[in-house]
Amino acid sequence: MTPSPVAADPGATADRETPQTHGLPGWAEIDLSALEHNVRTLRERAPEADFMAVVKADAYGHGLLPVARAAVRAGAGWLGVAQFSEAFALRDAGLDTRLLTWLSVPGADFTGAVRRAIDLSASATWVLDEIATAARALATTARVHLKVDTGLGRGGAFGADFTSLVAHARSLEAEGAIRVVGVWTHFAFADSPRHPTVIAQQERFFEAVAEAERAGIRPEVRHLANSAATLVHPSAQADLVRPGIAMYGLSPVPQVDDDFDLRPVMSLRMRLALVKRLPAGQGVSYGHTYTPKVDTVVGLVPAGYADGIPRDASNVGPVSRGTYRTTVAGRVCMDQFVVDLGPDSDAVAGDVITLFGAGPGEPSAQDWADATGTISYEIVTRIGARVPRIVIGGSQGLS
Ligand SMILES: *Cc1c(COP(=O)(O)O)cnc(C)c1O
């Protein structure tokens, strides 16, 4: 396909029309050239480290496979996901990079994971046992990353449990069932520049690595940096960085006045399903929480909380139509919400409005997060399955 610019001219979005979007109530435009740019920018920020593109949760709502392929084209040597099903989908689609998955429960398909040469994380000895059982059955050696809890208080082995984990891993290495290729951890406050726990966790991490090495473990990669740490704590980059949100062009530290030269990848656009006049004083949507003070023109937007539009965005979620900015008027419902387009609006049904995008004057996913008391991660990740992802740009277009 021919790459089309992401709303370089905000006026252009009002009558934007492509064969792919014709007749759709709405869509999320996924700009893979922006994604590739972000991967290259992040790699330049961490020139000594390998790069793991974190594509969990359907690539933060952007679409797993097109994003993973674009990240690999832009130089990612690793992919990272939370769950086995995500890792299997990547392998089964032919992505043959190094691939790490880190959240599993007893009884998960460890055999499927080992057969697909997926690197597995272990925070507890039972995980090592499940991995070893799978590896023995397949007569192979599984690749394992030992996770240490250095103070997040979430995943990872804490304190003396890490010592036991290392000892158990060594015995399984001796048998040939596993090989420990990584030691890793995750920060609690990476998004708070200069937070004292960042340094403390980093020190604890390198002590844990040293402990594992004294026990005979020889990891290829030591890794701890998510987007925020990669950008604001370069000393944490170590052997491998694991950016997620920054790859999607959203800042992991929105309170910091720096866009790090990142470009938003997702733009969320909807088409007005109805445009009509309402008189002053007529309440709008369930509960009449919005009432226009003057006669006005309202538009009906065919997206609601079932599509991931937060109900908390009622009366505050920002939208734009061309250069006109307004907010959701009244309650967000399951499938729809209303916008007040102003008394002089020339809008007609079918016009495109932007909930968030990358163009000048368009609201951002961060604006939606600020308006609804959450983080940009949640805004993009929650966009529902009913909203098609339309891929544009990228060095290989629709691959
Ligand atoms: C999600 C995740 C990341 C990426 O985090 P961002 O803040 O999006 O960069 C990295 N590592 C782990 C373990 C994660 O779960």
Side-chain angles (χ1 to χ4, degrees), residues 35 38-39 41-43 45-46 49-62 64 67-68 71 76-87 90 98-104 118-123 127 144-158 182-193 195 197-198 201-202 205 208 221-234 236-256 259-260 262 264-266 365-366 369 374-382:
L35 185 104
N38 297 335
V39 171
T41 299
L42 289 160
R43 287 180 64 216
R45 290 260 184 173
D50 287 344
F51 190 95
M52 178 187 290
V54 176
V55 293
K56 62 191 179 188
D58 199 27
Y60 289 43
H62 293 63
L64 178 67
V67 164
W78 291 72
L79 296 168
V81 289
Q83 298 195 356
F84 282 17
S85 60
E86 303 174 300
L90 288 165
R98 291 295 288 274
L99 169 54
L100 174 66
T101 178
W102 50 75
L103 260 185
S104 54
I118 293 165
D119 287 34
L120 295 163
S121 172
S123 294
V127 185
V144 175
H145 298 236
L146 298 182
K147 187 167 192 187
V148 52
D149 183 349
T150 54
L152 172 57
R154 197 181 68 178
F158 193 90
V183 178
W184 72 303
T185 194
H186 199 53
F187 287 114
F189 288 93
D191 55 349
S192 303
H195 198 281
T197 60
V198 173
Q201 279 196 259
Q202 213 170 297
F205 178 66
V221 284
R222 297 154 298 174
H223 52 106
L224 59 169
N226 62 357
S227 297
T230 302
L231 291 169
V232 300
H233 306 287
Q237 290 169 356
D239 301 321
L240 175 68
V241 294
R242 307 189 306 264
I245 197 74
M247 213 174 48
Y248 305 100
L250 300 171
S251 176
V253 285
Q255 75 281 19
V256 172
D259 68 3
F260 304 102
L262 300 170
V265 173
M266 183 191 290
Q366 185 61 45
T374 184
I375 53 178
S376 62
Y377 298 68
E378 188 177 359
I379 297 297
V380 291
T381 303
R382 62 184 289 160

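Counting starts at 1 for both ligands and their atoms, following the listed order. When a residue number appears, it is its place in the shown sequence, counting from 1.
How far CH2 of Trp102 is from CG of Leu120: 12.0 Å, rounded to the nearest 0.5 Å. Taking OG1 of Thr230 as the reference point, atom NE2 of His223 lies at 12.0 Å (rounded to 0.5 Å).
Between Trp184 and ligand 1, a contact under 3.5 Å exists for no N or O pair. For ligand 1, the polar-atom distance check against Arg154 finds no nitrogen or oxygen pair separated by under 3.5 Å. For a threshold of 3.5 Å applied to N or O pairs, the pair formed by Gly244 and ligand 1 contains at least one separation below that value. Residue-to-ligand polar distances place Arg242 within reach of ligand 1: an N/O pair is separated by less than 3.5 Å. At least one N or O atom of Ile245 sits closer than 3.5 Å to an N or O atom of ligand 1.
With respect to atom 12 (C) of ligand 1, the closest heavy atom belonging to the protein is His186 CE1, 3.4 Å. Nearest protein heavy-atom contact of atom 15 (O) of ligand 1 is Lys56 NZ, 2.6 Å. In this structure, atom 8 (O) of ligand 1 lies nearest to the protein heavy atom Tyr60 OH, 2.5 Å. With hydrogens left out, the protein atom closest to atom 7 (O) of ligand 1 is Tyr377 OH, 2.6 Å, a heavy atom.
Residues Leu250 and Val380 are in side-chain contact: their nearest non-hydrogen atoms beyond the backbone lie under 4.5 Å apart. Under the 4.5 Å side-chain criterion, counting only non-hydrogen atoms from C-beta, Val241 is not in contact with Leu42.
Counting heavy atoms of neighbouring residues, nucleotides and ligands inside a 6.0 Å radius, atom CZ of Arg222 does not exceed 12 of them. Around the CZ atom of Phe158, the shell of radius 6.0 Å holds no more than 12 heavy atoms that belong to other residues, nucleotides or ligands.
Of the heavy atoms in Ser227, both backbone and side-chain atoms come closer than 4.0 Å to ligand 1.
Proximity to Pro243 (heavy-atom distance under 4.0 Å) selects the following atoms of ligand 1: 9 (O). Of all atoms in ligand 1, numbered sequentially from 1 with element shown, those under 4.0 Å from a heavy atom of Trp102 are 12 (C), 13 (C), 14 (C), 15 (O).
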Check the pair Trp78, His145 against ring-ring contact (aromatic ring centres under 6.0 Å, His included), reporting the backbone distance first and the verdict last. CA-CA 14 Å; Trp78 291 72; His145 298 236; 5.7 Å; yes
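Shown here are the side-chain hydrogen bond (donor to acceptor under 3.5 Å, both in side chains) partners of Ser251, two or more places apart in sequence or in another chain: there are none.
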